[in-house]
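From a predicted model like this one, the values you see are computed outputs, not experimental measurements.
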Amino acid sequence: MNFDHSEQTLELLARLQRFMDTYIAPREQEQHDWVTDPARVWQPWPGLEELKEKARAEGLWNLFLPKEYGDLSPGLSNLEYAPLCEIMGRIPWSAEVFNCSAPDTGNMEVLAKYGNAEQQERWLKPLMDGEIRSAYLMTEPQVASSDATNIETEIKSDGDDYVINGRKWWISGIMDPRCKVLLLMGKTDPDAPRHQQQSTVIIPRDTPGIHIVRNLTVFGSLNSPGGEAELRLENVRIPKRNLILGEGRGFEIAQGRLGPGRIHHCMRSIGQAQRSLEIMARRVENRVAFGRKLSEQSSIRQDIARSFCDIEQARLLTLKAADRMDKYGNKDAKDLIAAIKVVAPQMAQNVTDRAIQAHGGMGVSDDTPIAHFFTLNRFVRIADGPDEVHMSQLGKMKIQEYNDS
C-alpha cells in the first residue's frame, strides 16, 4: 500500500496550506464573533465571499468530486483529496471558502451522478459556482432514520406533479438565506419491496408549504448562519421532472451519497484532533502548576503520546479506506468506510477531551477552538448514522467473511 502523492498533489497541498495561513487563519476570530452574535443570527459572515473569490482565482475550488466525474472534477482521487480535507478541517468553516462544505458536496455529488441534464443545469451549476447553497431532507423525528427504509414522508403522485407531506428534522443549512434548493428523500410506494419504496426529489426552497417548526440547538448553539431545523411539509407541490433518477431509487441514491462524504467527515475530524493536540502541546509547555510546567507531568506526557498514536492510527485507516474506494469502488470498501466512521470522530472526541482537560477552565470556553471541536465530533458520531449502526453492519460483514474463508 502506497500513500505517496504526486508532485501535482503535493503542490496543491502546499498552496492550500498557504491560503489557510495567509487568508483564513488571521480572520478566524472575526468570523467567530460574527456568527455567534445574536443580533446577526442567520446572516452569513460578509468576509466569506471575498475569500471565495480569492480561492477560486487560485484554483482552490470544487476540489471534492473524484476524477471519474470528468470535467466536473479537478482530477483528484479520494486518496489525494483526503489530506486537503484534513487541512480544511482545522478551521471547519473554511471548507465553504473552497466550495467543499457539507451538505452541498453531497448534494452536488447526487446531482452530478444521478441528475439529468436539466437538473444539472438548473441546480448543479449554481451550486458548483458557489452562487447558492442547499440542504438535504432525510431525517425524521418520529422514526429511527438511521435506517433509511423507515422514512415516512409521503411523496404522492397527482397528475404531472408530486405532492409532499411529512416532517423532517436536523436539517442543516436550511436557515441560511443562500439556501435555494432542497433534496428530499421520501416514500413514493409503501407497497413496493422495502428498499424500493423511497425516492429522492428536488424542491426549490421557496416552494409553498415548507414551514420551519423550530430551530434546533446543538449543545446550546444555533450554528448560524445555516443552523439545524425541524420542518413541516404541508401539501408541497413540485413537478414530476424534479424526481431524481426514478421512483424507488431513493435508497440507492442515499447509499451512493455517503461513501466519499464519510471520508470527508473523517479527515476533517482528524484535522481538528491534530490541531487540538498542537494547541495542547503549546499550552502545557507554557503553563506552571504547583511549581512545575504541566509538560513535566507524566500524565500530561501520556495524554500527548496517546493522542499522537490515536491520530496517526485514524489517519492511516482513513487513507486506506480512500485508497480502497479509488481502486475497487465504494461497495468493496464498505467495511473500511464503516470502520473509519466509528474510529475517527470517537478519536477526535477523545483527543479534544484531553486537550480541554489540559486547559482547565479555558478549555470549555471559546478562547480556543477545542470546545467547538469536541461538540462537533460528538455530533458527528450520530450524523450519517450512529456508531452502533456502523458497528453492527461491520460486525455482520466480518462474521460472514471469516466464516466463508
Side-chain angles (χ1 to χ4, degrees), residues 41-44 102-104 106-108 110-111 114-116 118-127 131-145 148-192 196-217 222-251 253-254 257:
V41 68
W42 317 134
Q43 298 178 33
D104 296 334
N107 290 338
M108 285 188 271
V110 165
L111 291 167
Y114 304 113
N116 60 37
E118 179 187 352
Q119 292 165 351
Q120 290 177 355
E121 178 64 25
R122 183 172 181 190
W123 300 115
L124 178 60
K125 187 176 185 299
L127 280 168
E131 296 171 358
I132 64 172
R133 297 212 63 188
S134 63
Y136 185 61
L137 280 59
M138 177 179 155
T139 305
E140 298 179 359
Q142 68 271 28
V143 297
S145 304
T149 62
N150 281 342
I151 298 303
E152 293 181 346
T153 292
E154 179 187 69
I155 305 175
K156 188 173 182 179
S157 175
D158 184 19
D160 293 332
D161 295 338
Y162 288 116
V163 178
I164 303 163
N165 284 279
R167 293 171 64 199
K168 297 288 185 181
W169 74 340
W170 294 112
I171 306 307
S172 299
I174 189 75
M175 300 306 298
D176 193 318
R178 298 166 300 168
C179 179
K180 303 299 182 185
V181 61
L182 318 174
L183 269 61
L184 175 139
M185 183 176 178
K187 186 170 288 188
T188 43
D189 185 358
D191 299 320
Q196 296 170 28
Q197 297 177 5
Q198 318 293 336
S199 300
T200 300
V201 296
I202 301 168
I203 307 176
R205 174 66 180 89
D206 59 1
T207 304
I210 301 171
H211 305 288
I212 304 294
V213 175
R214 58 174 173 151
N215 298 117
L216 301 165
T217 60
L222 285 170
N223 289 337
S224 179
E228 281 81 27
E230 180 177 346
L231 311 182
R232 185 177 77 255
L233 297 111
E234 189 173 13
N235 295 322
V236 174
R237 182 176 291 270
I238 59 169
K240 284 189 173 177
R241 66 175 180 273
N242 286 19
L243 175 71
I244 299 178
L245 197 58
E247 287 193 8
R249 309 291 292 274
F251 187 85
I253 292 170
R257 185 182 189 273

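Using a 4.5 Å cut-off on side-chain heavy atoms (C-beta onward), Ile203 and Leu233 make contact. Residues Leu243 and Ile155 have side chains not in contact (no heavy-atom distance under 4.5 Å, counting atoms from C-beta outward). By the 4.5 Å heavy-atom criterion applied to side chains, Ile238 and Ile202 are not counted as neighbours. Counting only heavy atoms from C-beta outward, the side chains of Glu247 and Asp189 never approach each other to under 4.5 Å. For the pair Ile151/Met138, a side-chain contact is recorded, criterion being any heavy-atom separation below 4.5 Å from C-beta on.
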Take Leu182 and Ile174 through the side chain to side chain contact (heavy atoms under 4.5 Å, CB included) test and state the conclusion after the steps. CA-CA 8 Å; Leu182 318 174; Ile174 189 75; 3.5 Å; yes
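With rounding to the nearest 0.5 angstrom, the NZ atom of Lys180 is 13.0 Å from the CZ atom of Arg133. Interatomic distance, CG of Asp104 versus OG of Ser172, reported as 11.0 Å (0.5 Å rounding). With values rounded to the nearest 0.5 angstrom, Leu124 atom CG is found 11.0 Å from Asn116 atom CG. Between Leu231 atom CG and Ile210 atom CD1 the span is 7.5 Å, to the nearest 0.5 Å. Distance OG1/Thr207 to CG/Asn242: 8.0 Å, rounded to 0.5 Å. Remark: Trp123 CH2 to Ile132 CD1 distance equals 6.0 Å, nearest 0.5 Å.
Of the possible donor and acceptor atoms, one in the side chain of Lys240 sits under 3.5 Å from a partner among the backbone N and O of Gly159. No donor-acceptor pair closer than 3.5 Å links the side chain of Thr200 to the backbone N or O of Met185. Checking side-chain atoms of Glu121 against main-chain N and O of Glu118 turns up no donor-acceptor pair under 3.5 Å. With hydrogens and angles ignored, the 3.5 Å screen pairs no side-chain donor or acceptor of Asn150 with any backbone N or O of Ser145. Looking only at distances, no side-chain donor or acceptor of Asp176 sits under 3.5 Å from a matching main-chain atom of Gly226. The backbone N or O of Pro190 sits less than 3.5 Å from a side-chain atom of Gln197, completing a donor-acceptor pair. The closest donor-acceptor contact from the side chain of Ser199 to the backbone of Gly248 lies under 3.5 Å. At distances below 3.5 Å, at least one donor-acceptor pair connects side-chain atoms of Gln120 with backbone N or O atoms of Leu111.
Asn165 is linked by a side chain to side chain donor-acceptor pair (under 3.5 Å) to Asn235, counting only residues two or more places apart in sequence or in another chain. Legend: residues meeting side chain to side chain contact (heavy atoms under 4.5 Å, CB included) with Gln196, ordered by chain and number and at least two apart, are Ala192, Pro193. Evaluation of the side chain to side chain donor-acceptor pair (under 3.5 Å) rule for Tyr136 yields no partner, not counting sequence neighbours. With sequence neighbours left out, the side chain to side chain contact (heavy atoms under 4.5 Å, CB included) criterion links Asn223 to Val218, Ser221, Glu228.
The heavy-atom pair separating Pro103 from Ala135 by the smallest distance is CG-CA, 4.1 Å. Closest heavy-atom contact between Ala229 and Met175: CB-SD, 4.3 Å. Counting all heavy atoms, side chain and backbone alike, Cys179 lies closest to Gly173 at CB-O, 3.5 Å.
Each salt bridge (Lys or Arg N to Asp or Glu O under 4.0 Å) pair with one or both residues in residues 158-173, not counting sequence neighbours, appears once here: Glu140-Lys168, Asp158-Arg237, Asp161-Arg237, Arg167-Glu230. Screening residues 230-251 for ring-ring contact (aromatic ring centres under 6.0 Å, His included) gives His195-Phe251 as the qualifying pairs, with residues at least two apart or on separate chains.
For NZ of Lys156, the number of neighbouring non-hydrogen atoms (other residues, nucleotides, ligands) closer than 6.0 Å is 12 at most.
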